[in-house]
Novice: 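Okay, handing you the structure first.
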Amino acid sequence: MSVVKTLVHLFLPHESNNQKAKILHSSSLWLIAVFVIFSQIIISGASKVFPSVLGCASSISPEEVIRLTNEQRLQNGLNALSENSTLSSAAQAKGTDMLNKGYWAHFAPDGTSPWSFFINFGYRYTFAGENLARDFCSASDAVNAWMNSPSHKENILSPNYKEIGIGVVQGNLAGSDSTIIVQFFGARAGETVASIPVAKAQTLPSPSPVPVAALQIQSTPQPTIAATTVPEVGSASSILVSPFKTTKDVSLAVTGLLLAVLSIDLIIVRRRRIVRIGGRTLAHIAFLGMILAVVLILKAGRII
């Protein structure tokens, strides 16, 4: 019976809690907020101490990214892109380069351009493009984010591209566990490409950073350089839990529990016609909304 009384005290309006679920009292809400914050810190720290158990893997596969990308193209009356293993190797190398050098950008701090990876793997192109995404929990989330960005969408729906390559790498990026998706588009030199205009092509005189969200380029291909092999960073198969997904799930679970208790509280108060002074229902809703907003902002994936 003591367990039942405790549950009633915590989750239902009762004489023992002044006709308001204890979990909805201001002191309890502050404790919950502290718990959510510290859980984020603990899970993030644990992923560094036990990387083989709590790592940065996700369920994202290159094949799924390609399938969803082609699905968007077909829905817009365009031909599907062919997967090119050379482009995929180049994209994987670009992702590895970002992890090794600790940057999140189209151009590396040393000036290395995305197109260097095309050339180094022997892909001679007439048109080339790049989309980047990080910290998404699924391929569909990443592709949807690209489609909601005009510049990234333009890359996905460009009629000038014929082939695609995807690289997915996991590892520590500037102190944060991340999953990075590199999406390379290309049309090999000598292939006939569509005449439909896309974003105005630029020939970059130097490999300096440019303030754009997604990159497209039309360029005279440079001489082919022998391809190099770059080892994959991280192994999704050896990692059991994704930290950024875990922290998000914990926060959403706590928020869902509070919303459920608040809903039950409102129903019981109305049915029993309980009069409370300073119920602060709106304050509770605002508090829950704030927690949820912070979680979504902190854990939302990013694209460039």
Side-chain angles (χ1 to χ4, degrees), residues 39-69 71-72 83 87-108 114 117 129-149 152 155-156 164-185 213-215 230-252 295-304:
S39 68
Q40 310 284 322
I41 297 174
I42 291 172
I43 293 174
S44 178
S47 67
K48 296 177 177 61
V49 179
F50 306 104
S52 62
V53 177
L54 193 66
C56 54
S58 71
S59 59
I60 297 174
S61 71
E63 293 77 17
E64 183 67 3
V65 176
I66 293 173
R67 184 188 70 80
L68 293 171
T69 298
E71 190 175 274
Q72 294 293 336
E83 180 180 5
L87 277 184
S88 293
S89 297
Q92 191 78 12
K94 170 60 184 289
T96 300
D97 190 65
M98 284 192 284
L99 291 180
N100 291 341
K101 296 178 181 177
Y103 70 96
W104 168 242
H106 290 293
F107 288 81
F117 297 94
E130 176 186 68
N131 283 343
L132 299 177
R134 62 176 290 191
D135 298 345
F136 286 93
C137 295
S138 69
S140 61
D141 288 343
V143 174
N144 287 337
W146 283 328
M147 288 299 294
N148 288 328
S149 166
H152 296 84
N155 261 345
I156 291 176
I164 186 173
I166 301 294
V168 179
V169 297
Q170 299 92 27
N172 187 289
L173 179 62
S176 177
D177 292 313
S178 297
T179 294
I180 298 175
I181 307 173
V182 180
Q183 187 179 48
F184 274 173
F185 303 94
L215 290 186
V230 180
E232 180 178 352
V233 175
S235 175
S237 60
S238 63
I239 297 172
L240 303 180
V241 184
S242 167
F244 48 83
K245 185 177 187 302
T246 301
T247 53
K248 183 176 181 178
D249 289 344
V250 168
S251 301
L252 291 176
V295 170
L296 294 178
I297 291 172
L298 290 178
K299 295 303 171 183
R302 286 177 281 171
I303 59 175
I304 56 173

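In this chain, residues are counted from 1 in sequence order.
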Novice: Pair Gln92, Val182 - check side chain to side chain contact (heavy atoms under 4.5 Å, CB included), show working.
Specialist: CA-CA 7 Å; Gln92 191 78 12; Val182 180; over 6 Å; no
Novice: Can you name the residues that form a side chain to side chain donor-acceptor pair (under 3.5 Å) with Gln72, not counting sequence neighbours?
Specialist: none
Novice: Can you list the residues that meet the salt bridge (charged side-chain N to carboxylate O under 4.0 Å, His left out) rule with Glu83, with sequence neighbours excluded?
Specialist: none
Novice: Roughly how far, to the nearest 0.5 Å, is the CD atom of Glu64 from the CD1 atom of Ile166?
Specialist: 11.5 Å
Novice: Let me confirm one number: the CG-CD1 distance from Asp135 to Ile303, rounded to the nearest 0.5 Å.
Specialist: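 Asp135 CG to Ile303 CD1: 13.0 Å, rounded to 0.5 Å.
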Novice: I want to check something: taking the side chain as every heavy atom from C-beta on, are Leu132 and Met98 in contact at a cut-off of under 4.5 Å?
Specialist: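 Leu132 vs Met98: side chains touch.
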Novice: State which residues pass ring pair (Phe, Tyr, Trp, His ring centres under 6.0 Å) with Phe117; sequence neighbours excluded, sorted by chain then number.
Specialist: none
Novice: Rounded to the nearest 0.5 Å, how far does OG of Ser88 lie from CD1 of Ile66?
Specialist: 5.0 Å
Novice: Rounded to the nearest 0.5 Å, what separation is found between the OG atom of Ser149 and the CD1 atom of Ile156?
Specialist: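 The distance works out to 9.0 Å.
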Novice: Within this structure, what is the CG-CD distance for the pair Leu87 and Glu130, rounded to the nearest 0.5 Å?
Specialist: 11.5 Å
Novice: Tell me, please, which residues at least two apart from Glu63 pass side-chain contact (heavy atoms from CB on, under 4.5 Å).
Specialist: Ser61
Novice: Evaluate side chain to side chain contact (heavy atoms under 4.5 Å, CB included) for Val143 paired with Thr69, printing each intermediate quantity in order.
Specialist: CA-CA 7 Å; Val143 174; Thr69 298; 4.3 Å; yes
Novice: Could you grab the distance from atom CZ of Arg134 to atom CD1 of Ile180, nearest 0.5 Å is fine?
Specialist: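 Answer rounded to 0.5 Å: 6.5 Å.
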Novice: Do you know which two heavy atoms are closest between Ser138 and Ile60, and how far apart they sit?
Specialist: C-CG1, 3.6 Å
Novice: Sub-3.5 Å donor-acceptor pair from the side chain of Asp97 to the main-chain atoms of Ala93, do we have one?
Specialist: no
Novice: Could you pull out the closest heavy-atom pair between Gly167 and Ala91, with the gap in Å?
Specialist: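 Smallest heavy-atom distance, with atoms named: N-CB, 3.4 Å.
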Novice: Closest heavy-atom contact between Ala145 and Phe136?
Specialist: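 Smallest interatomic distance, heavy atoms only, reads CB-CZ, 3.6 Å.
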Novice: I'd like to know whether Asn155 forms a side chain to side chain contact (heavy atoms under 4.5 Å, CB included) with Trp146, so could you lay out the CA-CA distance, the side-chain angles of the two residues, the decisive distance to 0.1 Å, and finally the verdict.
Specialist: CA-CA 9 Å; Asn155 261 345; Trp146 283 328; over 6 Å; no
